[in-house]
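A, B, ... follow the sequence lines: proteins, then strands. Residue 1 opens every chain.
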Amino acid sequence: MTTHIQEKKSQLGQGILIFIYLAVLTGLEFFIAVYFNSVILLVVVALVKAVLVLYYYMHVYKLNQDSEDSDESSYEYKTGTNRLGLWLFLISDSFVFAGLMVMRINLLGLTRPHLDQVLGLGVTALLLVSSFFMNRGETMMHNGDRKGFLNNTLITFLLGLGFLIGVVFVEWPNAIHEGVTPSGGPQGAAFFMMTGMHAFHVFTGLILLAIVWVNGRKGLYDQKNYPVEAAAVYWHFVDVVWIFFYPALYLIGALTSVV
Amino acid sequence: MRRANSVWSALLLLLLGGAIGYGIGLGIDMLVSGTLNFSGSVAAAFALLIGVSAFFFGLYGYRGITRGLVWQVVGTLLGGLLITGIRAAMGLDTFGVFLFSEPAWVVGALVGVVSFIFGVGAVSDWMKWARGIDTPEHHEDEPGWQKYFGVSYDHKVIGIQYTVTALVLISVGGLFALIFRTELAASQLQFLTNTFKLFNQNGPQIYNSLMSLHGMIMIVSILLGISGMMNYAVPLLLGAQDMAFPRMNAFAYWVAVPAAVLLLMSLVLGGFDTGWTGYPPLSARAPVGIQMFFLGVFTAGWSSILGSLNIIATVVRLRAKGMHAMRMPIFVWASVATSIIALTATQLIGLSFQLVMFQRLFGMGFFDPAKGGNPILFQHLFWFYSHPAVYVFILPGLGVISELLPVFVRKPLFGYRWVAMSSLGIALVGFLVWAHHMFTSGMNEYLRVPFMYSTLLVAVPTGVKFFSWVATIWGGKIETPTPMLFVLGAILVFLMGGLSGPPHATVSVDLHLHDTYFVVGHFHDTIFGGFVFPFFAALYYWFPKATGRRMNEFWGKVHFWMMTPSFFVLTFGMMFVGLSGMRRRIVDYDPALGFDLSHLIMTISGYLIGLSVLIFIINFFHSIKHGEVAEGNLWNSRSPEWQVPSPMPAHNYAVPFEVVGEPYDYGLVGSKYVEFMPAGTGEGVKHVPAPAGAHGSKH
Amino acid sequence: MRHFVIVGILIVVITVLAYVGLDSAGLMPLAASSQAGPIDWLWNLEVITISFLFALIVAPMAYSLIVFRRKKGDTTDAEHIEGNTNLEITWTVVPLFMVMVFAYLGAGNLAEIRRVDPAAMVVRVTGFQWAWRFEYPTNGVTSDELHVPEGQQILLQMTSNDVLHSFWVPEFRVKQDLVPGRITELRFTPTVIGSYAVRCAEICGTAHAYMESPVIVSSQADFDAWMAEQVELAEQQAATPEGRGQALVAANGCAACHSINGAAGIGPTWLGLFGRTETLTDGSTVVVDEDYMHESIEAPQAKIVAGFENQLMPAYNFTDEQIADIIAYIKTLR
Ligand code: HEA
Ligand code: HEA
Ligand code: CUA
Ligand SMILES: [Cu+2]
């Protein structure tokens, strides 16, 4: 019994530890960008962050867990199938973002749009913190703590909403103010397209969070909690995308004068 | 009797609805533009939408597909009106020749697609799950033909829905080809002249729209056709009760229907003149029809992505006991290879079209040199999908060839492992060759030679398949019923297509061949050999499994012997004129080139192919009711689905089977591929309620 | 064994027949540039290979179909042969080797046809919907026909004003797209005197099929004479408004849509245009005068003559003087 509680605690502790790593790396990233402007270092940092999220928050290794139960109609087996399906979907989706990245690299090369880096760091922080709470919420639901799950998911939701509002109602007007407009040139085109597609995914993620929150409140996930895991994995995926988009838009390369 | 009645009343309603729609459209057009335009877009759009909806109403009543279509029409109009209202409030232009402005059409079309999905009922279970309500895992389908017009979760029903939709689209696309081939039969303009008027387009513009849509409708029909084969056959070959995600399976099929409607709308709304490739800057200037084309392809792309996701998950998770990877039927291997491509690469064509769409809507200059954009970037994004896509078209077809050959030569498939792996090899190498479509595009020069090497590499795994097929046939005891004829035809035709590939790959020769009819000949050969012929083979082969009757052999042979020679004449002609200087995508050619006779012959061959397909279609529908009864193992196959009586019952195998041998061990006395477990043991068929998992509700 | 010998013979026979058949069909057009030589050589090698590979597959297949047909009443299966790893390796490695040889040859071939002659004559090419313009920078001459001397390498520096086009003269083999916003290059050395046509090979809209211009290869002497004539003509034309107008019209490909002999075209004919009464799409009529023409050139969509609703004439950025010159020229067409 005690070991069980310890295990639960250590799971939550691991979430905190990973969050600290991520936060430090994000700060480091900003520092690198401002003082060294080294593309390679920035790419390395982003990759490390992505791997941390993929492994510790998204539990990609679970794909490899064979459900002991080989009865194809059992809940465990179906969960394994659902998990695979979700990951396949994410692989597919990441090709869109990779394509957007290619577009950005092709059009902008080693220049970056005229944007407020601090503001960028701000919204990035929101999303990162939301991932942390998402992980907590998921872990708690896994451990049968419905209340903890609800609270943490609500925080995640609010932070995510904050991110969305930050991008759409603060970042965008700010960029336009700086002269980066959608129709003004490649920088605006790339910026609005990339943040727009990402924001769209954040928006769908929020819908999923709302659904699992409402259903979770009804007690639907007390036993069968895969939907919580799915929503969480999706949410983290959106975060991983931003881990790459943020440096690509705000950090990498030199400023050019706005055309 | 009810059936005959409803077909006639449906046709009547089609005419009536079309006429009413035409009248409404004419009236609206008159109100908006002040002129009566009898050949205009608005009248035609209303005629198309209302006519088709009325047709299905007559056939099936107000439910299923009919309700989807009606909702789509209403959704499109409401979405369009909403944006028009907003634009009016902002003081922007509102109504125009195409009724709505372009942004209003785009939003309307999107709302229309979503409305269709809700109207048809493809997401009702997910909606319930989202509200925390459980639904039973299986729905009992209606008996008879009616189940095909509404949402069903049975993979066999969905497979047939896909297949029939593909046949409809092949007919439409083929009809387009026959129309523009008629214009090409002689030099100079015959009926598609400058004074010809239809849907706000003149003759050459209609040619361009028909030609472009022929390309894309055919490609969509291929995507649906392979989904049909894979959906029907893969779970049966694996011994699964259904696909891994039956609801997503239904969803993937049903989004393809509004996609087809959008593609047809693009012709009506001014068309577009870019070819199926939609290169900007031309596509950034084309009429609003191109937006419908983009949205249609985008939507069909989602069908393809979700369908292939499902296939992979099914193969990974739902194989019968004992079926480890090297005992899977080749068709399953091919399906996996195809699905890997479709799952990933498809996103890129969606993205490339989406970017042009946004360039048009918001002035974002991705591909506009005047705004610092790069037109060649589009080509890279586009071909990153569209080259691998050609292997999506053929891999299932090549799988069908490998699957059927052993049955009809009564010999094991030669080198099973090599054939299985070559599918994956083609799929993977296929990701690395896209720029061979861009040798003349002005892309960076240093890219040409590496892409020549990678392109030529694809010949190696493809060659492995050919040599293995020949070795399989060699020394067999060959029978040639209709499916086998189509298999042999497929090998021959695909060989011609494949061998005409490497000349394109060598850059210097491609500088001559690019954008000529030689390319057109090349890809009709590969597509017919890799998809059309195997598709027909599969249809003749699995038809008895689905219906319990077989198709008429005599007419099947007529179909084959009419189609194959005509097809060779058609594509040889294409290659011949292409080499001598015939460009692609031209409505008219210089009479001085002396191509008139060749083109006339090609047009006649095209008609003959069309006639043979017509014969097939009649045979197909006639045999459903009147074909010779065939309930047993008609082809004497080892494959599990033939070990149980036809037609296949609703939840597939009543008792599960175990794989105990190799799939193609023909000629090995006493060997068995599958063994059905004695009743009572094994897992049996259980009906457990589905988990309230929301795995798919994010799409 | 007997089977293999017969099939071997069949393969040889079919290869030869296929190659001879394809070769005598005269597939390629006349080879009129020094780039055509290497390309045709490689193509010929490919035709030989294709004939062989075709025979290699088809001969055993056809033979099996005849010889190994199931006999009537035989219900047994054939011999159980699962495969042969050595064979599989062979038919993986040999084609691999073959394609690598082709890639190597192809790379060499490409280098050969792109060999740079520093003394190449530069011609600037502009493509636009739906015509070609050729400028000879050293002589200051602009033409809608491409004239080149025989035996001299030509370097085309090409760009487009609107959408993609592609420069292709089938007799020269090589092809290159024209991309708006950048300059693409193409080199060729014409070797056979004659008149050819450049045909736009990339779809570019309604009249893509008609985007053709004459290409005339002449001896150096004839070319020089033509050039001198052009220089003189250009000087003459520059002296009068009609002349300048005519030069502008030629350089901008107006004739692709507007005939000057009354023939129907994509746009209204210019013959007798001035002073004509036209019916517009909204039903009203106008008399074509200078103001109307000016407006129609500057903003083609403002008033459209009935029957030409769907033809979107591009907007050219002519100056007012240039428009006046063009109108002066059109006035002479009666
Ligand atoms: C089903 C579709 C399909 C398939 C299978 C292929 C197969 C191949 N294609 Fe094709 N292709 C298309 C569909 C397809 N293609 C389409 C639609 C276009 C035009 C798009 C457009 O512009 O609209 C096109 C265009 C196209 C181009 C661009 C031409 C141009 O526009 O300039 C090129 C260039 O390299 C090319 C190459 C190849 C090659 C090398 C193969 C190879 O995979 C072929 C491999 C097979 C063999 C070689 C035969 C069997 C092998 C052996 C017997 C072994 C021994 C062989 C050798 C040693 C050579 N194709
Ligand atoms: C599946 C793929 C597929 C198929 C099957 C075909 C089939 C045919 N194709 Fe197509 N084709 C393409 C894919 C395909 N094509 C593509 C991708 C392009 C490139 C487009 C581009 O350049 O952008 C192209 C381009 C293309 C061109 C070049 C156009 C140009 O460059 O200007 C030509 C010209 O001859 C042509 C001809 C034909 C003909 C005669 C057939 C015939 O086989 C058609 C036979 C007829 C039928 C199959 C219809 C039969 C049915 C009926 C008669 C029943 C009708 C009844 C009702 C509708 C109720 N095709
Ligand atoms: Cu210019 Cu086609
Ligand atoms: Cu390709």
For residues 44-51 of chain C against chain B, heavy atoms under 4.5 Å, the residues are C:Glu46, C:Ile50

Whether the C:Ser33 and C:Glu171 side chains hold a donor-acceptor pair (N or O, under 3.5 Å, no angle test) is what I'd like checked. no

Is it the case that B:Thr440 and C:Lys175 place a side-chain donor and acceptor less than 3.5 Å from each other? no

Residue C:Val174 versus chain B: region with a heavy atom under 4.5 Å: both

Side chains of B:Asp515 and C:Glu202 in contact at under 4.5 Å (non-hydrogen atoms): yes

Less than 4.5 Å to any heavy atom of chain B: does that hold for the side chain of C:Trp168, its backbone, both, or neither? side chain

Given heavy-atom pairs under 4.5 angstrom as the criterion, report whether the side chain, backbone, both or neither of C:Glu185 touches chain B. neither

Turns out that what part of C:Ile89 lies under 4.5 Å from chain B's heavy atoms comes down to both

B:Leu495 versus chain C, the contacting section by heavy-atom distance below 4.5 Å: side chain

Does any backbone or side-chain atom of B:Tyr279 lie under 4.5 Å from a heavy atom of chain C? Answer side chain, backbone, both or neither. side chain

Pair B:Asn200, B:Ser41: side-chain N/O donor-acceptor within cut-off below 3.5 Å: yes

Side chain / backbone / both / neither for C:Thr76 at chain B, heavy atoms under 4.5 Å: both

For chain B, find which of C:Gly83, C:Ser166, C:Gly181 contributes the most heavy-atom pairs closer than 4.5 angstrom. C:Gly83

Where on C:Leu186 is there a heavy atom nearer than 4.5 Å to chain B: the side chain, the backbone, both, or neither? neither

Highest number of heavy-atom pairs under 4.5 Å with chain B among C:Ile113, C:Thr184, C:Leu65 belongs to C:Leu65

Most contact-rich option vs chain C, by heavy-atom pairs under 4.5 angstrom, among B:Ala284, B:Gly442, B:Ala471, B:Ser468, is B:Ser468

The interface call for B:Asn208 against chain C, heavy-atom contacts under 4.5 Å, is side chain

Portion of B:Val449 that has a non-hydrogen atom of chain C nearer than 4.5 angstrom: side chain

Using non-hydrogen atoms and a 4.5 Å limit, figure out which bit of C:Val7 sits close to chain B: side chain, backbone, both or neither. side chain

Using the six-membered ring wherever Trp is involved, compare the ring planes of B:Tyr589 and B:Phe595 and label them parallel, tilted or perpendicular (cut-offs 30° and 60°). tilted

Is C:Tyr104 in contact with chain B via its backbone, its side chain, both, or neither, using a 4.5 Å heavy-atom distance? both

Is it the backbone or the side chain of B:Tyr207 that comes under 4.5 Å from a heavy atom of chain C, or both, or neither? neither

Can you confirm whether B:Val419 sits close enough to B:Phe414 that some side-chain heavy atom of one is under 4.5 Å from a side-chain heavy atom of the other? no

With a 4.5 angstrom heavy-atom cut-off, which part of B:Met484 approaches chain C: side chain, backbone, both or neither? neither

Can you check whether B:Ile473 reaches B:Ile478 side chain to side chain, under 4.5 Å on heavy atoms? yes

Checking heavy atoms, do the side chain of C:Ile81, its backbone, both or neither come under 4.5 Å from chain B? both

Side chain, backbone, both or neither of B:Val470 within contact of chain C (heavy atoms, under 4.5 Å): side chain

Strictly distance-based, threshold 3.5 Å: is any side-chain N or O of B:His504 a donor or acceptor partner for the main-chain N or O of B:Ser500? yes

Where on B:Arg417 is there a heavy atom nearer than 4.5 Å to chain C: the side chain, the backbone, both, or neither? neither

Main-chain N/O of B:Ile376 paired to B:Gln379 side chain as donor or acceptor, under 3.5 Å: no

Heavy atoms, side chains only, cut-off 4.5 Å: are B:Pro502 and C:Phe102 in contact? no

Whatever's closer than 4.5 Å to a heavy atom in chain C on B:Arg585 counts as both

Kindly indicate whether the side chain of C:Phe68, heavy atoms from C-beta on, has any atom under 4.5 Å from the side chain of B:Trp474. yes

Out of B:Gly373, B:Pro281, B:Gly578, B:Gly270, return the one with the most heavy atom pairs under 4.5 angstrom to chain C. B:Pro281

Between C:Leu164 and C:Leu178, is the side chain to side chain contact (heavy atoms under 4.5 Å, CB included) condition met? List the steps. CA-CA 6 Å; C:Leu164 302 175; C:Leu178 286 68; over 6 Å; no

Is it the backbone or the side chain of B:Met575 that comes under 4.5 Å from a heavy atom of chain C, or both, or neither? neither

Look at the rings of B:Phe494 and B:Phe466 and say which category their plane angle falls in: under 30° parallel, 30 to 60° tilted, over 60° perpendicular. parallel

When the 4.5 angstrom heavy-atom criterion is applied to B:Val409 and chain C, the contacting part is backbone

Side chain, backbone, both or neither: which part of B:Pro280 has an atom under 4.5 Å from a heavy atom of chain C? backbone

Could you look at B:Pro503 and say if it's the side chain, the backbone, both or neither that has a heavy atom under 4.5 Å from chain C? both

Taking the six-membered ring of B:Tyr666, is the NZ or CZ of B:Arg638 close enough (under 6.0 Å from the centre) and on axis enough (within 45°)? yes

Top of C:Gly205, C:Pro95, C:Ala207 for chain B proximity - count of heavy-atom pairs under 4.5 angstrom: C:Gly205

Side-chain contact test, heavy atoms from C-beta onward, threshold under 4.5 Å: evaluate it for B:Arg285 versus C:Gln129 and give yes or no. yes

Partner chain C: residue of B:Leu579, B:Thr480, B:Leu413, B:Val669 with the largest heavy-atom pair count (under 4.5 Å): B:Leu579

Compute the centroid of each ring, for C:Tyr196 and then for C:Phe172, and state whether the two points are separated by less than 6.0 Å. yes

Looking at C:Pro38, C:Pro60, C:Ala36, which has the largest count of heavy-atom pairs under 4.5 Å with chain B? C:Pro60

Counting only heavy atoms not in C:Arg115 (residues, nucleotides, ligands), do more than 12 fall under 6.0 Å from its CZ? no

If we count only N and O atoms by modelled type, under 3.5 Å, do the side chains of C:His165 and C:Asp162 hold a donor and an acceptor together? yes

In terms of side-chain geometry, is the basic nitrogen of B:Glu445 or C:Arg114 positioned less than 4.0 Å from the acidic oxygen of its partner? yes

Side-chain heavy-atom pair B:Phe408, B:Val487 within 4.5 angstrom cut-off: no

Any idea which of C:Gly106, C:Pro170, C:Pro29 has the most non-hydrogen atom pairs under 4.5 angstrom with chain B? C:Pro29

Among B:Gly476, B:Pro204, B:Pro375, who wins on heavy-atom pairs under 4.5 Å with chain C? B:Gly476

Just so I understand: if I count every heavy-atom pair under 4.5 Å between each of B:Val587, B:Asp590, B:Leu492 and chain C, which residue has the most? B:Asp590

With a 4.5 Å heavy-atom cut-off, do B:Met443 and B:Met438 have their side chains touching? yes

Given heavy-atom pairs under 4.5 angstrom as the criterion, report whether the side chain, backbone, both or neither of B:Asp665 touches chain C. both

If you tally heavy-atom pairs under 4.5 Å between each of B:Pro461, B:Gly463, B:Ala459, B:Gly475 and chain C, the highest tally belongs to B:Gly475

Per-residue tally against chain B (heavy atom, under 4.5 Å) across C:His208, C:Glu112, C:Arg199 peaks at C:Arg199

